[in-house]
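Note on naming: letters A, B, ... go to the chains in the order of the sequence lines (proteins, then strands), and numbering restarts at 1 for each one. In this text, all values refer to a predicted model and were calculated from it rather than measured experimentally.
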Amino acid sequence: MERLRRRSQYIFALLANAYWLFPWRSPIYQGPLKKLCFPGLNCHSCPAATTSCPLGALQNLLATLRPSLQMGQLHIGAYVLGSLGLIGSVAGRMPCGWICPFGLLQKWLFLLPVPKLSFWRPLGRGPYLFLIVFVVLLPLLVVDPLGYGSVWFCKYVCPAGTLEAGIPLLCLDQGLRRAAGWLFAYKFILLILLLIWCTLTSRPFCRAICPLGAIYGLFNRVSWLQLRFHPDRCVQCEACLTVCPTDVSFYNGLDDLNSAACIRCLRCLSVCPSNAVSLEFGPVREDIGKEDVEQFYPKANC
Amino acid sequence: MKRYLPLFTTIAFIALLALGIWSGEVPVVWNKAITVCLSCIGIG
Ligand code: SF4
Ligand code: SF4
Ligand code: SF4
């Protein structure tokens with residue numbers, strides 16, 4: 001299973017960045033595939049990117065909502081939200097575990113042999129904050145006299161933009177190098193800090209910042225694809241928690257297996273020695289919740 | 001009722017996707033994605 005997932009991550013990373021003609025032709029791909037939103041975080045200003053970034057596209061639609069309404073066009077981000085919601089309603093947050101190139105990068109960095117830091121759980125609310133404030137409210141509400149807003153998450157936060165678009169394009173274009181100032185310096189420092197954090201903590205960007213993961217996470221409990229925990233089979237070996245990249249502690253009832261934090265990597269399913277985790281596809285069944293786990297292991301949370 | 005949530009969700013988001021296509025959002029998304037975005041880079 002893990003080999004399959006690795007292959008899926010490599011293939012999608014390559015497909016999302018398959019335009020290698022940029023040094024000779026236009027600096028970025030301009031073909032029809034860019035009408036599609038990629039299901040993971042991959043900057044569409046990256047010279048090799050073949051598809052558009054859903055977060056960039058959504059912010060742009062919201063930032064231009066007022067002028068578009070004045071022109072009689074209803075551009076509320078329905079195309080982007082519809083694409084993401086369709087994927088989420090089928091697989092929940094699975095694109096985070098199986099598709100997203102920025103998730104893959106974080107996985108690689110965490111493999112580096114440096115001391116590790118555990119994730120501070122309250123930071124887990126961060127992605128919702130970034131989604132509501134930087135992706136929705138600021139682009140919608142802070143507008144110039146003509147009614148145009150800005151793409152706040154791209155501009156002030158997104159490390160994928162700096163890494164995949166900023167650095168390569170500045171290397172390729174002298175004019176852009178000359179134009180780079182304090183904003184680029186700030187974003188570059190932010191990127192370096194985040195990359196260092198990724199070596200210390202598992203998937204910190206996904207867990208503390210990424211608004212795309214926050215959107216997908218909302219679907220984990222209502223998607224066709226559901227993970228199921230069978231507490232009666234569990235031998236409390238903690239193997240699932242040890243391999244989980246987002247520390248979902250479901251075996252002792254602390255978290256729900258289908259909570260928004262689960263990126264559906266299925267590592268717990270592969271590693272469990274007693275088949276206490278299974279994968280189902282179909283209508284949602286009444287979940288085995290915390291109370292049921294505690295019924296099996298009344299002292300589990302002590 | 002909870003059983004059918006995936007079905008309702010899928011139908012709702014297919015409808016939203018269709019609304020986006022019908023209202024002409026696809027060319028807007030495309031236009032944005034084929035132009036180098038200075039905000040993404042950290043310049044403008
Ligand atoms: S949460 Fe992580 S894996 Fe998911 S889209 Fe964001 S960066 Fe990618
Ligand atoms: S790996 Fe399986 S048996 Fe071990 S604690 Fe997790 S669910 Fe229980
Ligand atoms: S709970 Fe299981 S499937 Fe979810 S992120 Fe953790 S290891 Fe992956």
Side-chain angles (χ1 to χ4, degrees), chain A residues 27-32 34-35 37 43-45 49 51-53 56-57 60-61 64 68 73-86 88-90 150-151 154-155 158 161-162 165-166 169-170 176 179-181 183-188 219 221-224 282-286, chain B:
Chain A
I28 62 172
Y29 170 70
Q30 296 181 317
K34 280 228 166 139
K35 290 176 182 169
C37 290
C43 186
H44 49 214
S45 290
T51 44
S52 67
C53 166
N60 188 51
L61 286 162
T64 54
S68 75
Q73 295 160 331
L74 187 71
H75 292 165
I76 52 169
Y79 174 64
V80 182
L81 290 173
S83 308
L84 296 178
L86 186 56
S89 71
V90 174
S150 184
V151 286
C154 296
K155 192 168 176 176
C158 188
T162 319
L169 285 171
L170 257 62
L176 288 177
L183 184 59
F184 182 78
Y186 153 77
K187 279 196 78 183
F188 187 75
F219 293 91
R221 284 197 177 92
V222 296
S223 60
W224 291 98
V284 175
R285 288 204 331 225
E286 278 309 316
Chain B
M1 202 60 177
K2 193 182 168 194
R3 273 177 70 77
Y4 298 104
L5 271 178
L7 185 65
F8 296 148
T9 318
T10 305
I11 292 172
F13 281 95
I14 288 176
L16 197 61
L17 181 63
L19 172 72
I21 295 170
W22 169 80
S23 65
E25 285 185 7
V26 180
V28 182
V29 168
W30 184 64
N31 268 323
K32 174 73 183 169
I34 61 167
T35 329
V36 172
C37 167
L38 295 180
S39 300
C40 294
I41 300 176
I43 289 183

[X] side chain vs [Y] backbone, donor-acceptor pair below 3.5 Å:
{"X": "A:S45", "Y": "B:C37", "answer": "yes"}
{"X": "B:S23", "Y": "A:L74", "answer": "yes"}
{"X": "A:W224", "Y": "B:L7", "answer": "no"}
{"X": "A:K187", "Y": "B:G42", "answer": "no"}

Quick one: pull up [atom1] in [X] and [atom2] in [Y] and give me the separation to the nearest 0.5 Å.
{"X": "B:N31", "Y": "A:K35", "atom1": "CG", "atom2": "NZ", "answer": "9.5 Å"}
{"X": "A:S89", "Y": "B:L5", "atom1": "OG", "atom2": "CG", "answer": "11.0 Å"}
{"X": "B:T35", "Y": "A:Q30", "atom1": "OG1", "atom2": "CD", "answer": "7.0 Å"}

Subject >> Pick from A:T162, A:V80, A:L84, A:I76 with the largest number of heavy-atom pairs that fall under 4.5 Å of chain B >> reply: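 Ranked by contacts with chain B, first place is A:I76.
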Original post:
Taking A:C53, A:C37, A:G77, A:A49 one by one, which has the highest count of heavy-atom pairs under 4.5 Å against chain B?
Top reply: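 Ranked by contacts with chain B, first place is A:G77.
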Please report the shortest heavy-atom distance between [X] and [Y], naming the atom on each side.
{"X": "A:L176", "Y": "B:I41", "result": "CD1-CD1, 4.2 Å"}
{"X": "A:I28", "Y": "B:A33", "result": "CD1-O, 3.7 Å"}
{"X": "B:F13", "Y": "A:L81", "result": "CD2-O, 3.4 Å"}
{"X": "A:Y79", "Y": "B:E25", "result": "N-OE1, 2.7 Å"}

Original post:
Should we count OH of B:Y4 as having more than 12 external heavy atoms under 6.0 Å?
Top reply: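 No, OH of B:Y4 has 12 or fewer neighbouring heavy atoms, counting only those of other groups under 6.0 Å.
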Quick one: what part of [X] sits under 4.5 Å from any heavy atom of chain B, side chain, backbone, both or neither?
{"X": "A:L86", "result": "both"}
{"X": "A:L170", "result": "side chain"}
{"X": "A:L169", "result": "side chain"}
{"X": "A:F219", "result": "side chain"}
{"X": "A:S223", "result": "backbone"}

**OP:** Can you tell which part of B:I11 gets under 4.5 Å to a heavy atom of chain A, answering side chain, backbone, both or neither?
**Re:**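 Neither part; nothing is under 4.5 Å.
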**OP:** Could you have a look at B:C40, B:G20, B:A18 and say which one has the most heavy-atom pairs with chain A under 4.5 angstrom?
**Re:**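 Of the candidates given, the most pairs with chain A belong to B:C40.
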